[in-house]
Amino acid sequence: MASVLKVEGGHPLNGTITVRGAKNFVPKAMVASLLGDTPSQLGNVPLIRDVDVVSDLLRLHGVSVNFDQKRGHMTLDPTNVKVASRSDIDSLGGASRIPILFCGPLLHQLGEAFIPELGGCAIGGRPIDFHLDGLRQFGAIVDKRADGIHITQPAEGLRGAIIDLPFPSVGATEQTLLTAVRVQGQTILKGAAIEPEIMDLINVLQKMGAIISVDTDRTIRIEGVESMTGFKHQALPDRIEAASWAAAALATHGDIYVLGAHQPDMTTFLNTFRKVGGAFDIDNEGIRFYHPGGQLKSLALETAVHPGFMTDWQQPLVVALTQAQGLSIVHETVYENRFGFTEALRKMGANIQVYRECLGGTPCRFGQRNFFHSAVISGPTPLRAADIEVPDLRGGFSHLIAALAADGTSTVSGIDVIARGYEHFTTKLRQLDARVDYVSQ
């Protein structure tokens with residue numbers, strides 16, 4: 001894929017597109033297939049970079065991966081799982097943070113795991129300490145070396161543990177689940193993340209033979225089992241992509257019908273979308289998002305773990321808020337470095353100021369740590385075309401939205417990053433009558 005896109009702005013996005021399985025779930029379900037003794041089948045799989053990376057990592061470990069891209073159907077057979085070459089793992093490690101989740105399944109299947117330097121978006125610290133501390137509590141031996149982290153299972157095997165997360169980390173919750181399902185005894189995970197993608201991973205693990213219960217106080221209890229089978233599962237739709245297209249409809253005064261969008265997973269976003277002045281219609285196939293006319297409204301918004309307003313919804317919506325009347329306040333409480341993308345928006349004419357202080361309803365863990373984690377957006381301000389460099393996945397798609405809403409033609413560089421989480425996004429843009437073209441280099 002070429003990495004530069006020319007975008008002619010000022011035209012409403014209108015039409016129908018489809019979202020498939022969630023980026024924040026599908027790769028994790030693929031990793032879960034390692035735990036089974038028989039093949040697994042996963043449906044509604046999107047064609048995104050993270051799926052490619054995990055497919056390659058699984059193949060390096062001897063898993064047979066067959067992906068029917070047209071149908072979105074994948075078969076994963078772990079029958080011949082093996083130890084992979086460290087150099088091969090290292091060559092893929094920089095492309096994603098997913099390799100850390102291989103630890104538990106590989107410990108169960110092979111007795112060891114190797115984790116290289118990890119990649120992903122530069123949106124703030126997503127330390128793996130939660131992961132490593134949890135693995136140690138199961139009894140795993142963690143050896144940090146210059147070339148990466150070597151993890152081994154003790155002779156007596158892994159055992160259940162009581163793990164109390166200081167923050168409802170999605171990754172640490174996934175790590176605990178993928179490890180605890182096959183350890184000896186019971187594991188109690190306190191302070192767990194309970195996002196829809198986590199719950200769907202629990203659905204997958206239960207289909208494989210796991211025994212997992214979720215309490216109302218963010219406590220998850222897992223009873224270890226000796227063996228597990230493969231699964232057949234249809235991935236839940238991507239609520240982040242659906243919200244991104246919704247924000248694009250709002251910012252460009254457009255009308256987008258998102259097939260596959262699922263209301264129950266988007267309740268908080270839909271409430272906020274309506275408060276800003278957006279409109280939507282829901283049916284059994286998806287959700288139609290549109291700008292109904294009139295002036296958009298400013299609001300105060302605070303991101304939070306589920307069931308709060310998702311951090312990945314924040315960046316696309318900020319673009320729409322530049323067109324709202326008055327002062328909007330956004331307080332980011334999940335990632336400390338998520339407002340870097342606003343620099344490009346200011347370059348395009350947006351009036352956005354970022355602050356170190358907590359401007360939300362309650363102080364958060366970043367308030368005393370000198371991070372710019374609050375933003376004030378004053379609008380409406382017309383956006384003008386600019387040359388933009390994509391900083392990260394969600395920020396990059398937000399820049400695309402800004403370019404589509406701006407007056408003139410923008411050049412957006414590094415757009416291949418967006419392919420990590422948005423399937424066929426340029427094809428979908430053209431389906432919505434967007435005027436975009438790759439720039440040959």
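Values in this document were obtained by computation on a predicted structure and should not be read as measured data. Worth knowing before you read on, the calculation uses all heavy atoms, side chains too, and leaves out hydrogens, waters and symmetry mates.
Put simply, the side chain of Lys297 does not reach to within 4.5 Å of the side chain of Val276, judged on heavy atoms. No side-chain heavy atom of Val26 sits under 4.5 Å from any side-chain heavy atom of Ile48. Using a 4.5 Å heavy-atom cutoff, the side chains of Asn80 and Ser64 are not in contact. When side chains are defined from C-beta on, Gln314 counts as touching Phe339, because their heavy atoms get closer than 4.5 Å. Between Val83 and Phe114 there is no side-chain heavy-atom pair separated by less than 4.5 Å. You'll find the side chain of Leu205 reaches within 4.5 Å of the side chain of Leu35, heavy atoms only. Residues Phe138 and Thr187 are in side-chain contact: their nearest non-hydrogen atoms beyond the backbone lie under 4.5 Å apart. Looking at heavy atoms from C-beta onward, His108 lies in side-chain contact with Thr179 at the 4.5 angstrom threshold.
A side-chain donor-acceptor contact under 3.5 Å links Glu332 and Thr311. In summary, the side chains of Tyr422 and Arg394 do present a donor paired with an acceptor at a separation below 3.5 Å, with no hydrogens or angles considered. Defined by atom type and a distance below 3.5 Å, a donor-acceptor pair is missing between the side-chain atoms of His306 and Glu195.
Here the straight-line distance linking atom CG of Leu177 with atom CD1 of Ile212 works out to 5.5 Å at 0.5 Å rounding. One finds the OG1 atom of Thr426 at 9.5 Å from the CD1 atom of Ile418 (value rounded to the nearest 0.5 Å). To the nearest 0.5 angstrom, Arg365 atom CZ is 7.0 Å from Thr333 atom OG1. Atom CD of Glu423 sits about 10.0 Å away from atom CD1 of Ile17, to the nearest 0.5 Å. To the nearest 0.5 angstrom, Gln41 atom CD is 13.0 Å from His233 atom NE2. Taking OH from Tyr290 and OH from Tyr257, the interatomic distance works out to 13.0 Å, rounded to the nearest 0.5 Å.
Of the possible donor and acceptor atoms, one in the side chain of Asp200 sits under 3.5 Å from a partner among the backbone N and O of Leu236. The backbone N or O of Asn351 sits nowhere less than 3.5 Å from a side-chain atom of Ser378 that would complete a donor-acceptor pair. Distance alone, capped at 3.5 Å, places no donor-acceptor pair between the Arg420 side chain and the Arg49 backbone. Counting only distance, with no hydrogens or angles, the side chain of His73 and the backbone of Arg71 share no donor-acceptor pair below 3.5 Å. Side chain of Glu223 to main chain of Ile211: no donor-acceptor pair is present (N/O by atom type, distance under 3.5 Å, no hydrogens or angles). In this structure, the side chain of Gln69 does not engage the main chain of Leu47 through any donor-acceptor pair within 3.5 Å. Put simply, the side chain of Thr252 gets close to the backbone of Leu13: a donor and an acceptor are under 3.5 Å apart. Side chain of Thr173 to main chain of Ala193: a donor-acceptor pair is present (N/O by atom type, distance under 3.5 Å, no hydrogens or angles). Ser298 places a side-chain N or O within 3.5 Å of a backbone atom of Gln325 that can act as its donor or acceptor partner. A donor-acceptor contact shorter than 3.5 Å is absent between the side chain of Ser33 and the backbone of Leu76.
Between Ala249 and His291 the shortest heavy-atom distance is O-CB, 4.1 Å. Closest heavy-atom contact between Met208 and Ala32: CE-O, 3.2 Å. Nearest heavy atoms, Arg221 versus Ile188: NH1-CD1, 3.5 Å. In terms of heavy atoms, Gln175 sits closest to Ile100 at NE2-O, 2.8 Å. Of all heavy-atom pairs spanning Pro78 and Pro39, the tightest one is CD-CA, 4.1 Å. Closest approach of Gln153 to Leu107, counting heavy atoms only: NE2-O, 2.7 Å.
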| Audit row: Cys103, His131, side chain to side chain contact (heavy atoms under 4.5 Å, CB included) steps and yes/no | CA-CA 9 Å; Cys103 292; His131 295 260; over 6 Å; no
| field | Step-by-step side chain to side chain contact (heavy atoms under 4.5 Å, CB included) determination, Gln323 to Leu383 | value | CA-CA 9 Å; Gln323 305 308 302; Leu383 300 179; 3.6 Å; yes
| query | Does the pair Thr229 and Asp37 meet the rule for a side chain to side chain contact (heavy atoms under 4.5 Å, CB included), with working shown? | reply | CA-CA 5 Å; Thr229 62; Asp37 297 329; 5.8 Å; no
| task | Decide yes or no on side chain to side chain donor-acceptor pair (under 3.5 Å) for Ser55 and Arg59, but give the supporting numbers first. | result | CA-CA 6 Å; Ser55 295; Arg59 291 187 180 106; 4.6 Å; no
| Trace of the side chain to side chain contact (heavy atoms under 4.5 Å, CB included) decision for Ile151 with Leu132 | CA-CA 9 Å; Ile151 305 168; Leu132 300 181; 4.3 Å; yes
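For the side chain to side chain contact (heavy atoms under 4.5 Å, CB included) with Leu189, the lone residue among Thr176, Val214, Ile162, Thr219 that qualifies is Thr176.
Salt-bridge formation is not detected for the pair Lys190/Asp215: no Lys NZ or Arg NE/NH1/NH2 atom is positioned less than 4.0 Å from an Asp or Glu carboxylate oxygen.
Relative orientation of the Trp313 and Phe309 rings is perpendicular, given thresholds of 30° and 60° on the angle between their planes. The aromatic rings of Phe341 and His399 sit tilted, their planes meeting at an angle between 30° and 60°. Taking the six-membered ring for Trp and thresholds of 30 and 60 degrees, Phe289 and Phe280 have ring planes inclined between 30 and 60 degrees apart.
Residue pairs meeting the salt bridge (charged side-chain N to carboxylate O under 4.0 Å, His left out) criterion with at least one member in residues 23-36, sequence neighbours excluded, are Lys23-Asp50, Lys28-Glu174. Within the structure, salt bridge (charged side-chain N to carboxylate O under 4.0 Å, His left out) pairs that include any residue of residues 153-172 do not occur (at least two apart or interchain).
Sparse packing is recorded around CD of Gln206, with 12 or fewer heavy atoms of other residues, nucleotides or ligands lying under 6.0 Å away. Crowding of Arg274 atom CZ: a count of heavy atoms from other residues, nucleotides or ligands under 6.0 Å not exceeding 12. In this structure, Lys207 places its NZ atom where more than 12 heavy-atom neighbours from other residues, nucleotides or ligands lie under 6.0 Å away. For Gln137, the CD atom is densely surrounded, since the number of other residues' heavy atoms within 6.0 Å is greater than 12.
Aromatic pair Phe425/Trp245: centroids not less than 6.0 angstrom apart.
Judged by the 6.0 Å distance and 45° axis criteria, Arg239 is not positioned over the aromatic ring of Phe269.
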